[in-house]
Amino acid sequence: MGLQRVVRSSIVDAPIERVWAVLRDFNSHDQWHSVVAQSEIEDNKSSDRVGCVRNFTLADGNHIREMLLSLSDKDYISTYTIVDATVPLMRYVATVTLKPVTDGNRTFWHWTSSFESPPGMERELRDMVAHGVYEAGFANLKKYLALGQAVVSPASSLRQVVASCHAIEAPAIRLRDYGGPSEMQLETVSVPPPAEGEVRIRQTAIGVNYFDVYLRKGWIPDFLPLPGTPGMEAAGEVIDVGPEVTSLLPGDRVVYMCPVPGSYASVRNVFVSYTTRIPAGVSDNTAAALLLKGITADYLIRDLGHIRSGTRLLVHAAAGGVGQIVCAWAASMGALVIGTVSTPEKARIARDHGCQHVIVGRNYQFSQAVQSICDGADVVIDGLGSAAREENFAALARCGHWISLGQASGPLQDISPDWLVQKSLSFSRPVAFDYVATQALLNERAERVWHALRTGAIKTPEIETFSLRDAALAHEKLESRSSTGAIVLRGV
Ligand SMILES: NC(=O)c1ccc[n+]([C@@H]2O[C@H](COP(=O)([O-])OP(=O)(O)OC[C@H]3O[C@@H](n4cnc5c(N)ncnc54)[C@H](OP(=O)(O)O)[C@@H]3O)[C@@H](O)[C@H]2O)c1
């Protein structure tokens, strides 16, 4: 028996973090590779743990058990071996190596393997590995990444689960009148079976965002008609899937952000296109604390702020949910990060997250300090709104960019072009949901957030948890300016 060797490479049209997220999950193949009908990791081990064994049932009925031999997040390399199979591949060892393509957001995938085969079957087995496994794998993976969902295949039809036809009674927060936190009351609501394209999720962790306060107060009434349930994001377990959903199964862990409020609930239906998988090693709590805020930081830093080494960046509420992430991420890119906070304790937290200069005060007076630190900010990330209007203008450098993403102190009055022209300022009023308008975009941005967490560019967020029934207390805390980091509600 001679040693066979198969080598195949391809360029995949997705950033390396996204491709690596798929590859480093040793249990992901049944999501994207059409030859794999089912995959499970034995003994409940984590799917990124060296030594774990995956058990494949192939679409043609064969079985293969493979062990993960090495996994490097630094070098993007995964090596594995067959430990047992109904196909005669012996001493099979394969290595996948990813490299970023220099011209941008694409990835070079290199697959190499060696194995022995019974005499007379060399060619057949070489062809099977080269074409049936590797080349088919490239085609499936590209489709999967482009669609942001599983490839429909004979294998995935095996996975389609028809939703249970019963409604589920479950607790949810209902708002009957706009107003203070006490308007949010826990009630029991009926959650129907998921409709076409939807999944029903048992929510374990619900992210609280300042936006939820604006909705509760009725500042954006069209967004939350009454009676209604606030909340834009949550994490949990899929409990059943509607017709035409092929990319998720009951038991899958997902997190979502969704432009339709309703996440302050124990069970909820959402379109599968708003969901993304939670990677192994990230808890539901962390996912719910991080998805919307992390994606907000991602678009602020990359798309709007164009943050790079030396950018003079002013971040308000620097110890808050979005603030901590923006500060740490921008500092890791070499930006000069200046934060405003209301207390010395928050100043310490902001420094821990990469703020080099922290301005402490509750009265929105910061422009002089910013001017004396760096002669004005290139970019201001402003979640404060009305009370800081004139100070933001004064803190900006010539040709600066004012990004108004929120209004914790009250709605920002009109900003006139004649005012901006005095310093050639630009002004943006972004909303996170526009930056994840497709599932492919959501997956790509989420992947950058998980990658930043893995590499330490951002830290696991500080999280304060409340029971869903205490949503009112969570809002009181957020509005009192006494919270730091993220707030998460536990499903009940
Ligand atoms: N447009 C988008 O896509 C998007 C997405 C996510 C978040 N946001 C916005 O980003 C900002 C931060 O959101 P977050 O959820 O992470 O909240 P957060 O920063 O954790 O909490 C809000 C913070 O704002 C500061 N603040 C200043 N004046 C305040 C006032 N009058 N009332 C209450 N808080 C005040 C407080 O920090 P100090 O006490 O330290 O000043 C407070 O801790 C909000 O404006 C939110 O609307 C926008």
Side-chain angles (χ1 to χ4, degrees), residues 180-181 206-217 219-220 223 230-233 257-259 261 288-305 314-328 338-351 353 355 358-366 380-389 391-392 402-412 427-437 445 449 458 461-464 474-489:
I206 300 151
V208 174
N209 290 286
Y210 214 93
F211 188 71
D212 307 343
V213 173
Y214 310 146
L215 291 191
R216 194 205 70 220
K217 287 180 170 174
W219 283 1
I220 320 173
F223 231 88
M232 318 308 289
E233 70 173 332
M257 55 185 278
C258 166
L290 210 51
L291 186 76
L292 194 152
K293 297 173 187 72
I295 282 178
T296 299
D298 179 60
Y299 83 70
L300 288 171
I301 286 171
R302 287 171 61 98
D303 300 64
L304 282 182
L314 174 61
V315 182
H316 294 308
V322 172
Q324 285 187 1
I325 305 171
V326 170
C327 290
I338 304 163
T340 69
V341 296
S342 56
T343 66
E345 173 57 11
K346 286 188 174 190
R348 188 189 58 72
I349 292 167
R351 280 199 189 89
H353 286 81
C355 249
V358 189
I359 302 164
V360 185
R362 288 181 74 83
N363 59 357
Y364 312 103
Q365 297 297 308
F366 48 82
V380 171
I381 293 186
D382 169 27
L384 299 182
S386 81
R389 186 174 182 270
E391 282 287 298
N392 276 325
W402 183 344
I403 306 176
S404 161
L405 80 161
Q407 47 194 39
S409 76
L412 192 62
F427 180 84
S428 300
R429 193 79 171 93
V431 178
F433 302 106
D434 285 330
Y435 292 83
V436 289
R445 288 192 188 278
V449 175
I458 61 176
E462 238 187 274
I463 302 172
E464 184 169 8
H475 275 213
E476 279 169 14
K477 179 101 194 218
L478 191 59
E479 290 174 270
S480 68
R481 298 180 73 168
S482 58
S483 68
T484 57
I487 294 180
V488 165
L489 304 175

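Counting convention: from 1, in listed order, for ligands and their atoms alike.
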Under 4.0 Å, counting heavy atoms only: does [X] come that close to any atom of ligand 1?
X: L292; answer: yes
X: P430; answer: yes
X: Y214; answer: yes
X: Q407; answer: yes

Report the distance from atom [atom1] of [X] to atom [atom2] of [Y], rounding to the nearest 0.5 Å.
X: E391; Y: N363; atom1: CD; atom2: CG; answer: 8.5 Å
X: D303; Y: D434; atom1: CG; atom2: CG; answer: 11.5 Å
X: R362; Y: S409; atom1: CZ; atom2: OG; answer: 12.0 Å
X: K293; Y: L300; atom1: NZ; atom2: CG; answer: 13.5 Å
X: D382; Y: R429; atom1: CG; atom2: CZ; answer: 8.5 Å
X: C327; Y: I349; atom1: SG; atom2: CD1; answer: 12.0 Å

Which pair of heavy atoms, one from V360 and one from T343, lies closest together, and at what distance? CG1-C, 3.6 Å

For [Y], does its backbone N or O pair with a side-chain atom of [X] as donor and acceptor, under 3.5 Å?
X: K346; Y: R481; value: yes
X: D298; Y: I301; value: no
X: Q407; Y: L384; value: no
X: S428; Y: I403; value: no

Which residue holds the protein heavy atom closest to [atom], what is that atom called, and what is the gap in Å?
atom: atom 20 (O) of ligand 1; answer: G321 N, 2.9 Å
atom: atom 26 (N) of ligand 1; answer: R481 NE, 3.7 Å
atom: atom 33 (C) of ligand 1; answer: Y210 OH, 3.0 Å
atom: atom 9 (C) of ligand 1; answer: L405 O, 3.5 Å
atom: atom 11 (C) of ligand 1; answer: G383 CA, 4.1 Å
atom: atom 5 (C) of ligand 1; answer: T296 OG1, 3.3 Å
atom: atom 16 (O) of ligand 1; answer: V322 N, 2.8 Å
atom: atom 28 (N) of ligand 1; answer: Y364 OH, 2.8 Å

Ligand 1 atoms in contact with [X] (distance to a heavy atom under 4.0 Å):
X: V431; value: 1 (N), 3 (O)
X: G406; value: 45 (O), 47 (O)
X: S409; value: 31 (N)
X: N209; value: 15 (O)
X: L478; value: 20 (O), 21 (O)
X: V341; value: 40 (O)
X: A432; value: 2 (C), 3 (O)

Just heavy atoms, cut-off under 4.0 Å: does [X] contact ligand 1 by side chain, backbone, both, or neither?
X: V208; value: neither
X: Y299; value: side chain
X: H316; value: neither

Aromatic plane relationship, Y214 with W219 - under 30° parallel, 30 to 60° tilted, over 60° perpendicular: parallel

Taking the inter-plane angle between the rings of Y435 and Y299 on a 0 to 90° scale, is it parallel (under 30°), tilted (30 to 60°) or perpendicular (over 60°)? parallel

Flag K293 as yes when one of its N or O atoms lies below 3.5 Å from any N or O atom of ligand 1, and as no otherwise. no

In terms of its nearest heavy atom to atom 42 (C) of ligand 1, the top option of Q324, K346, E345, E479 is K346

Please list, chain by chain and in numerical order, all residues satisfying ring-ring contact (aromatic ring centres under 6.0 Å, His included) with F433, sequence neighbours excluded. none

